[in-house]
Structures are given as structure tokens and as C-alpha cells.
Amino acid sequence: MDAEVRQNLRQMIWLLIGLTLLVLVIAIGLSGGGLATTVSIFRTRFLGIFIEAVPFLLLGAMVSGLIDAFVRREDLIRFIPRNRYLATTVGAFLGLAFPVCECGVVPVARRLYGKGLPVSVGIAFLLAAPVMNPIVFASTLAAFGFGSVLILRFALTAVIAIGIGFLFATFMRPTQVLRASALAPVSGGSDEVLVAPLVRVSSDRQSLLKGLGAAVGSATEDFFDMVRYLIIGCILAAALQTVISQEVLIRLGEGPVISVIVMQMLAFILSVCSTVDSFLALAFVGAFSTGSIVSFLTFGPMIDIKSTLMYLGVFQRRAVLILLAMPLIMTLAAGVIINLLGVQ
Amino acid sequence: MHDQDHHHPAPSALEWAKSVLLAGLGGYFLVTLLTGNVTNYINYRFTWLSVMAAGLFTLFAGYSLYTLIEQRRAAHNHDHSHHGHDHAHDHHHTMNWLVLFIAMIPLALGLLLPSKPLGAEAINGNVSLNAVSAAGGPRSLPVDPFDWTVLDWLTAFNHEASPAAFNGREARVIGFVYEEPGFPVDHFMVVRFTVSCCVADASAIGLPVAWGANERLPENTWVEISGTFQAGEFRGTVVPILRADQIAPIDQPAHPYLYP
């Protein structure tokens, strides 16, 4: 009881601090003058990213809700091979069946974990799905045409996602990876292969209307679970954009190695949705190397400010660290190699 | 968890607040669409996404209000029948007032401050003279050169080696006034932001303008400029400069950004 009271008190204090800051920001925004201009620019950028991203978050939550309501664990077993390496490889291409972008992919993955998806399959899915889906294919095709950038983006994403998935399949146990809240259904068994769900008989398929109701209900819960990370991510991205000049970054971005690092940083900071980041990358095509563009388009959908914050809601800190470091190193290496080979 | 099969307590204030917030967000998207302010934030091409968001928010709000009303009725009647809304979730939803507050931020910033597109103050570094190209191939330019935007002219310049090739070409463009630091008094730039997706990728492009008058135009004013191009020096290189014959102040256009 005492701990609960203390927690409520802490919440209340944060709420008051947040409320004060918000009132302050709005007051400055209404006051006129130099600071008001900054607030106005920040506000426009913040809402821009939010308005662009939130439909995908809703769509992702809705898809995950529908999966929750209509897909039984047994259904998943049929699609995912028993062999965990084969299963992880399939996981990297699951996005083709669940077309969601990076905002929506985390709730879907978490929901699939709830259905008993093996950890490594979910990892491969999380890393690959933001790129590996029909919508992103269409937008990348529209932006770059059928050429090296498109092919490298998809090939590299598959290789990295499967590679990191194998790493998790070989060396990590679910208890080391998932947070307690996401772990419950995967618990039990030293092997992460789906055994328990076969034994546990799930409820029968629900009637359509009831199922849709349940889907909307759990989509709403998922939305509230995830929207906080999106909003904090939007605040950070908009604030950094308002403070750091893009030109400064571009001036830094010359040379085969540094340009890749700069584009990775940009991808991380901007947190732009994977379905539209191709068009953003186009703005850099003239000034930046092909390798840096490809690593921007590969690294960004896997890792950025908002997905990092979302990962923290599902995975343990150590797993998040691996999920950050591995794609960073692998896309960096790939980008530099592409530059040194002189791919255009 | 939401195990309310036996007690049927009345829904908490937090649950009601969540529903109201969802309705508010749906309302905000609807207002942003109806006022046309949505083009202050995203590329017009993606408007349908906002329409979808408004729809889904309304659906979520409607359904959660419906379940709350059902729940309250069940609490009043002490009715033990199931009402079809069974949150048999496998994980905890850590929902509290703090989360609700965070979710409220977009609504507060959206509704309590006036909606404004990015303007001259948002220019971060130099205004670019390079056309941002989209969709791989060269942009197709409008047939009538008087319909050409700042972006169309820059696209044409980028495809032509000699800036003098445009000498004497007549143009009519709109944009807002931007004073580049170190400009002579009768020079300014007519600037537009291009937005591929949303304002996160906005970049400022512009044409240098020379006009005879010996006064400065107020920055950020939207103007329509008629004139002819003449190659001249700008930032140390020779580029086509628009010699203005006529500059008319205009209202901010419905679509403040250009879409490459």
C-alpha cells in the first residue's frame, strides 16, 4: 500500500511538472516575440510529424487488434516452421502478410508475442517489417525507380534482420529479452519453440461482430500504450530539428565513412516513417553518397528515436542495446562498403 | 486487468477521460481537414491518411464510450450477464493520468495555439537554389511558363548549363519574402518550402529577386512577382536573377508548400 501511495505521489508530481511546462510553452507561444516564433516553428514541426505518423500508428494498432481477435496461436504454428532458424527467416518476411510501418510494427510484434511467437522470429519481424512490406516497396520504387537503391535497401534489410534474429535464437533466452509485461505468454520451456500453445486450447473463433468489437477495444489500449513513445519521439525530433541546422549536418557529410554516419544520425533524429522516408532521402541524393542513402533507408526504419522508445516498452534494456548496436554497426559497414565499391 | 465479471464497478474517471481524449483527437483531425490547415503540416497527397485517422479515432471513441455506458448500466443494475466486452489480455496496460497527459499534448498544442505554416523564421541556413526532385525521373513542367512555380524554375535551371540561357524569359511566381544576410537593399529572395511528406523534411528553395525600389519589403510577406530573368552574380556564382517589374502583396496561398 505504501509503495502504491508513493507511486501515485510520484505520478502526480510529474503530472504537475508536465502541466506547468505545457502551460509555459503555450503562454510563450501566445506572447509574441522571438521565443514565440521558436515555439511556433516547433509546434508546426511537432504536429507535422505527429499528423503524418499517427494514422500509421492507428492502422498498426487496428491490425494488431484484428490479429488478437481473429488469429489463434494454432494458426501461427501452421505458418511458422518448427526449426527456429527457418522460423526466424520466415519472420523477416512476415511483414508482407502484416503490412505495417515502424510506428505500427511494435504493437503488432508485442501482440504476436502474446500469441506465443518465438522471440527471435519477433526480432527478425520487428527489424525487417517496416521495410519488408508492399507499401514501402511502392514508395521506394516511386522515389528511386527499379535500381540499386531499391534492391540494396530490401536485400540489406533482410540480411541484417535475419542475422540479428539468428543471434537472438542462438544466444538469448526469452527471459533475457522480453520485459515481464510482454513475457507472460512466452514463459515456460527452455526452448522458445511453440510447445505450450499446442497444449493450451485457445478459445474458439469468435463471432464476427464480437471479434470486431474486441479488436477495436484492444486497438484502443494498444494505441494508448504506444502513443506516448510516439509523442515523446515527435517532441525530441521536432526540438532537435528546430535547434540543429540541416546544413551543418550536410557539411559534415562528405567522405565515404562520415557521410554514412551523418545519414544514420539524421535517420535516428528525424524518425520519419519508413513508408515515406524514400522521398526525404531524395533530398540528399545530390550531396550524399549512395552508401549513406542506403544505410539511411535501412537503419532508419529499424532504429530511430521513436522506435527506440517503443522498444523500451517491450524489451529489456540489454536487448534494446543489442537491437541498437547491431543494426548501427551492420548498416555502417554496408554503407561504407557500398561507397568503396563505387555503386551508383 | 479488466476482470469485471463479478463486481461490475462503474467505469473510472480515467476511462471516461480516455474516451473524451479519443473523441477530441478525432475532432482535431476533422477540424484540421475542414479548415485546410492540414496543408500547414503535411504534403497534400497524404491528406487521406488524416481522413483515415479521423475515422479511426471516431470509431475508437465511439466504441469505448459505448462500452463505458454499458459498463455503467451493468454497475447500476448489478446485472451479472456478460456484455461482450471481455478484456482477456495477456499483458498489463500501464495506463495512468501521466500517460493521458502525454497523449493530450498534441491536442493542446493543436487547438490552443494558432496554426501557422513554416515561414522565413524557420529557414535554417541557406535557401537552396537546387530543385528537390522526386519520383526519380525529371519533373514534367507545366505547359504555360506563367504557371511555373519557384520549384519549376529551379528545376529548369538545374537542367541547363548556362544561366544566360534564361535571359529575357518572363516569369510570374509567388512566394514569401526572405532577406538573405548581406543582401543589398533592393534584393531579396522569393522563397517557398518544399514538403515531400511532412514538415519534418521541409526545405527552403528560392529565386533571387532584384527590384528597383530603394526600400526593404517586410520579411515573410507573401507576394506575386512578375518580371524577366537576367543572369547575374549571386553568392559568388552567376545564376538567373529575377528582375521584378511588378510586386503585388497577396494572401498566403491555400497550399503554402510546394510538393516535389
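Within every chain, numbering begins at 1; the chains are lettered A, B, ... in the order of the sequence lines, protein sequences first and strands thereafter.
Of the listed residues (A:Pro55, A:Ala219, A:Gly18), the one with the most heavy-atom contacts under 4.5 Å to chain B is A:Pro55. Across B:Ile102, B:Leu113, B:Leu118, B:Leu21, the residue that shares the most heavy-atom pairs under 4.5 angstrom with chain A is B:Leu113. Interface check for chain A: of the options B:Val195, B:Ile42, B:Asn43, B:Val51, the most heavy-atom pairs under 4.5 Å are formed by B:Ile42. Among the candidates A:Thr220, A:Leu58, A:Leu209, the residue making the largest number of heavy-atom pairs closer than 4.5 Å to chain B is A:Leu58.
At least one donor-acceptor pair under 3.5 Å links the side chain of A:Thr44 to the backbone N or O of B:Lys116. Put simply, the side chain of B:Tyr63 never gets that close to the backbone of A:Gly217: no donor and acceptor are under 3.5 Å apart.
Between A:Phe223 and B:Phe57, the ring center distance clears the sub-6.0 Å criterion.
Residues A:Leu47 and B:Pro106 come closest through the heavy atom pair CD2-O, 3.7 Å. B:Val199 and A:Gly48 make their closest contact through CG2-CA, 3.7 Å (heavy atoms, listed as atom of the first residue, atom of the second, distance). Closest of all the heavy-atom pairs between A:Arg43 and B:Gly110 is NH1-O, 3.4 Å. Scanning both residues, B:Ala53 and A:Val54, for their nearest heavy atoms gives CB-CG1, 4.3 Å. Taking both residues in full, the closest heavy atoms of A:Leu15 and B:Leu98 are given as N-CD1, 3.6 Å, listed atom of the first, atom of the second, then distance.
Both the backbone and the side chain of A:Ile51 come within contact range of chain B, with heavy atoms under 4.5 Å apart. Only the side chain of A:Thr37 comes within less than 4.5 Å of a heavy atom in chain B; its backbone stays farther off. Of the atoms belonging to A:Leu19, heavy atoms from both backbone and side chain fall under 4.5 Å from chain B. With a 4.5 angstrom heavy-atom cutoff, A:Ile26 touches chain B via backbone and side-chain atoms both.
Rounded to the nearest 0.5 angstrom, A:Glu52 CD and B:Phe46 CZ are separated by 5.5 Å. Atom CZ of B:Phe29 is separated from atom CZ of A:Phe50 by 5.5 Å, given to the nearest 0.5 angstrom. In this structure, CG on B:Asn96 lies 13.0 Å from CH2 on A:Trp14, to the nearest 0.5 angstrom.
Proximity of B:Leu49 to A:Leu59: side-chain heavy atoms (C-beta onward) are nowhere separated by under 4.5 Å. Proximity of A:Glu221 to B:Lys18: side-chain heavy atoms (C-beta onward) are separated by under 4.5 Å at one or more points.
Remark: B:Trp16 CH2 is packed, more than 12 non-hydrogen atoms of other residues, nucleotides or ligands lying under 6.0 Å away. Crowding of B:Arg216 atom CZ: a count of heavy atoms from other residues, nucleotides or ligands under 6.0 Å exceeding 12.
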Original post:
Between A:Ile41 and B:Glu121, is a side-chain contact (heavy atoms from CB on, under 4.5 Å) present by the stated rule, with each step listed?
Top reply: CA-CA 8 Å; A:Ile41 295 167; B:Glu121 307 87 5; 4.0 Å; yes
**OP:** Evaluate the criterion side-chain contact (heavy atoms from CB on, under 4.5 Å) for residue pair B:Phe60 and A:Met62; output intermediate values, then yes/no.
**Re:** CA-CA 10 Å; B:Phe60 287 11; A:Met62 199 61 228; 3.6 Å; yes
